[in-house]
Amino acid sequence: TWLFGSLRLLLMLSLLLIPSTLMGMTFPILGEHFSRHEKHSGRFIGLLYGLNCFGAVAGALASSFILIPSLGLFGTTMAAGCLNLAIFSSTFYLEDSQKQGKKKSVKKSKKADLEKPIAAIQHALLAIFALAGVASMVYQIAWTRVFSLLFGSSVYTFSVILAAFIGGLSLGSFLISGRLDNIKRPESLMAKIEAGVGFAGFAITALLRWAPLAAAAIYPELISFSFLTICAIQFTAIVLLILVPTTFMGMLMPLVGHYLAKGSNEPGKALGTIYGANTVGCIIGSLAGGFLLVPSLGLRNSLLFASTLNIMLASWLWCRAEGMKLQRVVVPALAVTLCCAFIPNWDTEVLTSGPYVYAKMYHKLSEQNGSNLEETIRSQGNIIYHKEGESCVITVRKFNDGVQSLHVNGKTDASTHLDMKTQLLVSHLPALCADKLDKVMAVGLGCGASLGAFQAHPCKKIDCLEICPEIVEAAEFFTHLTHHD
């Protein structure tokens, strides 16, 4: 798995490294311009980052719901390229305007009355901002996985989640932009922002315990709505849930960037350095969250880890700002312990109930049995296997009548009852129609029923390709279908 993931990472780097590197240069370059030529540079840096995030929200939604369906992948890529070329052309006009107004520009001198010398605190803030990036990506990955259990794992769901997350960043940047030039104690404010992210993260983790039940209660009412309306409702629900922490996250980049840039003779370099540090943290958080934390700790504990990291960073910043020492250990330990003590465990049966598929069935059974939704979901059977892996959540459920089913992100993908006809026919039909069966390759293991059907034919060799290790583990509960132990 690690080898396959590494190969994918190298392939994507070779394809995307040049354009993504160029994209990363734009914010420091524009930040350099505003820092040197604008009196209220902090306001413009905040607005610049906010507008960039707002454009990312528009791009995520437009590409998924408009451009790709109408232009296709190739056409959408070409459209994005043309947009970049149009921006490139506009820079010539901006360059002429800058030359004409050069005499009016305001030259900024290096500040001597900073809260602390820039060289003494730069490395510490870079490390803190990088760790904040780690936490933000762990949040995004874990939230995306949880929301996929509620709304399905389609590209539309991912786009809605991504747009909601970046939208919060945009809002936070806009909100703080007007205050950046007047902030007297930036480290103290950074500490409060980090604490806001952490405590909001704890609160969301607690609320997610009941999110599947809320989704199951609402979904039957949405059946008559259009697809776009349902997506809009999902977007609104996600925004309302993660708005507070993402707004705080969006405040941090302009705040730290302006704080370092205003005391530097090279503001563009300072902005580029802090932007790069945060990006490195985001890369580490993406890899660690997807390949290490979620598979080893699970979704809930990964979110608790990210919130704990935020509280630790906030406590460290607060100690620096207030000149404290002992509290560097006591404050974060007490805060984290107190919060974790009140975070309820998630119910695996409810979490993997697949409300986006089975909500209507749960309502019908609830009315027949006179029970509430949670009792109805619990009465369906017992979970005998559950694993939150790198790419999906796999569960095996054994129902009261003895039927077993394998679920991927809450949706049944194989079972020993109604799905058996399809699972067997997809193997028997090609086997009966083939001239000879020397070698057979099955793509996807599932519960193993299709693989077992091939074994009923005179095959010399059967290979099965499965990219999800958790599926292989779950298939051990269906060995009677593959004619071997």
Side-chain angles (χ1 to χ4, degrees), residues 13 16-56 59 84 87-88 90-91 94-95 98 105-111 114-137 166 169-170 172-174 176-177 180-181 183 186-187 189-190 193-194 249-287 313 317:
L13 276 175
L16 302 177
L17 184 61
I18 294 177
S20 59
T21 299
L22 294 174
M23 292 176 194
M25 295 178 180
T26 55
F27 179 74
I29 291 173
L30 290 172
E32 163 86 14
H33 170 78
F34 287 120
S35 295
R36 290 189 182 275
H37 297 85
E38 296 294 341
K39 183 178 179 181
H40 301 290
S41 59
R43 177 173 177 269
F44 282 96
I45 289 175
L47 291 175
L48 178 65
Y49 187 69
L51 286 171
N52 185 259
C53 291
F54 182 78
N84 278 284
I87 296 171
F88 164 72
S90 68
T91 58
L94 294 175
E95 186 176 10
Q98 182 180 354
S105 64
V106 179
K107 292 184 178 180
K108 298 192 70 174
S109 60
K110 186 175 180 178
K111 302 279 185 179
L114 287 177
E115 188 176 1
K116 291 181 181 178
I118 193 71
I121 64 171
Q122 184 176 24
H123 295 299
L125 287 182
L126 287 176
I128 290 172
F129 202 40
L131 290 173
V134 172
S136 67
M137 283 299 101
I166 302 177
L169 302 182
S170 177
S173 186
F174 284 137
I176 201 172
S177 61
L180 287 176
D181 295 297
I183 293 174
E187 284 191 49
L189 182 57
M190 292 175 201
I193 290 174
E194 276 297 307
M249 292 178 199
M251 293 179 178
L252 202 59
M253 174 65 203
L255 175 60
V256 178
H258 176 60
Y259 180 40
L260 295 182
K262 74 176 182 178
S264 173
N265 286 329
E266 297 178 305
K269 182 178 180 180
L271 285 171
T273 302
I274 197 70
Y275 193 55
N278 183 252
T279 302
V280 170
C282 289
I283 294 171
I284 295 173
S286 298
L287 296 176
L313 294 176
L317 282 166

Side chain to side chain contact (heavy atoms under 4.5 Å, CB included) against Ile18, all qualifying residues, sequence neighbours excluded: Leu22
Residues in side chain to side chain contact (heavy atoms under 4.5 Å, CB included) contact with Leu30, at least two apart in sequence or another chain: Leu48
Closest non-hydrogen atom pair, Met190 against Leu125: SD-CD2, 3.8 Å
Atom pair CG (Leu255) and CD1 (Ile183), whose distance is rounded to the nearest 0.5 Å: 5.0 Å
Test side chain to side chain contact (heavy atoms under 4.5 Å, CB included) applied to Ser173 - qualifying residues, sequence neighbours left out: Tyr49, Pro254
Closest contact, heavy atoms only, Leu169 versus Cys53: CB-SG, 4.0 Å
Heavy-atom closest contact (Leu180 atom, Arg43 atom, distance): CB-N, 4.4 Å
Can I get a per-line list of side-chain donor-acceptor pairs under 3.5 Å for residues 270-285, giving both atom names and the distance, sequence neighbours left out?
| from | atom 1 | to | atom 2 | distance (Å) |
| --- | --- | --- | --- | --- |
| Thr273 | OG1 | Lys269 | O | 2.7 |
| Asn278 | ND2 | Phe129 | O | 3.3 |
| Thr279 | OG1 | Tyr275 | O | 2.8 |

Distance in Å, His258 NE2 paired with Met253 CE, rounded so as to fall on 0.5 Å steps: 12.5 Å
Closest approach of Glu194 to Ala132 (non-hydrogen atoms, all atoms of both residues): OE2-CB, 3.6 Å
CD1-CG distance between Ile128 and Leu317, expressed to the nearest 0.5 angstrom: 3.5 Å
